[in-house]
2 protein chains.
Amino acid sequence: MTRPTPIRVVLADDERMVRTALRAILSAEPDLEVVGEAATGAEAVSVVRDLRPDVVLMDVRMPEIDGIRATEQILATLDEPPRIVVVTTFENDSYVYDALRAGAAGFLLKRADADALVQTVRLVARSDSLLFPAAVRTLATEHARAHPAPPAWVAKLTGREREVLRHMAEGLTNAEIARRMEVGPATVKSHVAAVLAKTGTRDRTQAVIAAYEAGFLNAG
Amino acid sequence: MTRPTPIRVVLADDERMVRTALRAILSAEPDLEVVGEAATGAEAVSVVRDLRPDVVLMDVRMPEIDGIRATEQILATLDEPPRIVVVTTFENDSYVYDALRAGAAGFLLKRADADALVQTVRLVARSDSLLFPAAVRTLATEHARAHPAPPAWVAKLTGREREVLRHMAEGLTNAEIARRMEVGPATVKSHVAAVLAKTGTRDRTQAVIAAYEAGFLNAG
DNA sequence: TCGCCTCTCCCCCGTCCGGCGGAGGCGGAT
DNA sequence: ATCCGCCTCCGCCGGACGGGGGAGAGGCGA
């Protein structure tokens, strides 16, 4: 079952030792061949463009251009792009979702052992990337929409103002919020006014919309 | 590279012809063995429980219990559950998201050819299900939260009322909505009143919240 | 043809809301 | 010791909002 032509791999990681270790592991397999290395995202793009490998092992954290952007650029500019395996530390890292959206074919945890590494490379090289690319891409895009980078105003809200905004987002009136928080209605009015000012909205409805759009209700 | 023990497969599909076709394809491979069949979801659960296969090909549409629920039950009740491949028609079928959440290991399109079928079975049998199970499960769960079953009131809104609700959800006042829709302010008030009545809310803020919670803004 | 629904618009009225300016207390930072 | 930010509260005002009622025009199916 030895492949006539080996799977050609490019390594992109800013740490030389990591690249060396990966190369050692992959080179031990007769069907895998490390054809190039890159220490930055930009370098990765050009190396891949030149060498046209089958698989790229792409670290997420790299100087100049991170692994996600490099992935995007490679997939966007090349006609028959390689499968890109994103190397990350945690499976639930937010990078994972960005990478999925960018079109990564697979993932590898940094704590993965040599066997998992080799298996993953073989897997993505042979399979049609994901088992269900479109669905997962859709999910990742939705995830990005549901968790946008929190706008600046979120950090500027005081604790009390956050509470008030949450209650506003439950559809409560000022008087009801006052009862819930055990303060006077005038106090709530003050907080509401502060929230409107800081969110740049003109009424409670717009403030609640902003809260939803910002994902304010899910996050802290 | 022939496996010492073949991959044991169970087929779950309510159409006999489909099962027969699948069996014919899979049986041609020396490393695959079809050990059982099921025509309903309930049957699938019990057959899998008895035969303990490595892989289950699970149709989504089945009598009694659909493939999704059967998948859930199998994964919830068995200690070392098989990899479950959900068979669906469209890659962006809503079933896909349900199946992901239920813990399916892979997908197969009904129009897939024999080679893809065999490859997929081998893939899920050998790989650790998904390349990134936790992340995708998270995504699928989020998807379910973002797209809940639309409440009854959505269907009851007239076309004009939907328009008004959308504009309310943009943070517009009645007067602004009136200008946008080129009608009188009184007309908008009527529509708003109708929306509040049908949504069971008491003010525009609560109506907008209901619209967000219902996913009204994404859907039709 | 007769209802029924939808869309359009009108009135009045009480309430809630948001904008304005102000003020006192309290605690942390410098 | 002083200043600044936060929380608490006050009054006043105009406008927006929501509730209640009503009514005419047009469409569409029973």
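Note that this is a predicted model, so its numbers are computed, not measured. Every chain is numbered from 1 and lettered A, B, ... according to where its sequence line falls, protein lines coming before strand lines.
A/Gln206 places no side-chain N or O within 3.5 Å of a backbone atom of A/Thr201 that could act as its donor or acceptor partner. Between the side chain of B/Arg83 and the backbone N or O of B/Val124 there is at least one donor-acceptor pair closer than 3.5 Å.
Here D/dC17 presents its P atom at 10 Å from CG of B/Leu172, a figure rounded to the nearest Å. One can place CE of B/Met181 at 15 Å from P of C/dT6, the figure rounded to the nearest angstrom. Atom NZ of A/Lys156 and atom C1' of D/dC6 are 16 Å apart (whole Å). Atom P of nucleotide D/dA16 and atom CZ of A/Arg204 are separated by 17 Å, given to the nearest angstrom. In this structure, A/Asn174 places its CG atom 18 Å from P of D/dA16, rounding to the nearest Å. A straight line from CG of B/Leu157 to C1' of C/dC7 spans 15 Å, rounded to a whole angstrom. Across the protein-nucleic acid pair, B/Ile177 atom CD1 and D/dG18 atom P stand 10 Å apart, rounded to whole Å.
Taking 4.0 angstrom as the limit, A/Thr187 places a side-chain polar atom (N or O) nearer than this to OP1 or OP2 of D/dC9. OP1 or OP2 of D/dT8 sits under 4.0 Å from a side-chain N or O of A/His191. Residue A/Thr158 places at least one side-chain N or O closer than 4.0 Å to OP1 or OP2 of D/dC7. Contact check, A/Arg202 against C/dG18: no side-chain N or O comes under 4.0 Å of OP1 or OP2. Between D/dT8 and A/Arg160, a contact under 4.0 Å exists linking OP1 or OP2 to a side-chain N or O.
The cationic group of A/Arg162 does not satisfy the cation-pi geometry with A/Phe216, failing either the under 6.0 Å distance to the six-membered ring centre or the 45° limit from the ring axis.
The nucleotide whose nearest atom lies closest to any side-chain atom of B/Thr173 is, among D/dC17, D/dC9, C/dC10, D/dC17. Each of C/dC9, D/dG18, C/dG18 was ranked by its minimum atom distance to the side chain of B/Leu196; first place goes to D/dG18. Across D/dT8, D/dC17, C/dG18, the shortest atom-to-atom separation from the side chain of A/Val183 is found for D/dT8. For A/Ala186, whose side chain is taken as the heavy atoms from C-beta onward, the closest listed nucleotide among D/dC9, C/dC10, D/dC17 is D/dC9.
Checked by distance alone, A/Lys189 brings a side-chain donor or acceptor within 3.5 Å of a matching partner on the base of C/dG19.
In this structure, B/Asp203 and B/Glu182 both approach DNA chain C, and ranking their closest nucleotides by distance from the 5' end singles out B/Glu182. Projected onto DNA chain C by closest heavy-atom contact, A/Thr205 and B/Lys198 fall at different nucleotides, the more 5' of which corresponds to B/Lys198.
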Requested in this report: Begin with the C-alpha distance, continue with both residues' side-chain angles, and end with the deciding distance and a verdict on salt bridge (Lys or Arg N to Asp or Glu O under 4.0 Å) for A/Glu176 and B/Arg202.
Outcome: CA-CA 13 Å; A/Glu176 288 167 337; B/Arg202 71 177 171 211; 2.3 Å; yes

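When the options B/Thr173, B/Val188, B/Ile177 are evaluated for a side-chain contact (heavy atoms from CB on, under 4.5 Å) with B/His167, the one that passes is B/Ile177.
Using a 4.0 Å heavy-atom criterion, one finds that A/Ala193 contacts no nucleic acid atom at all.
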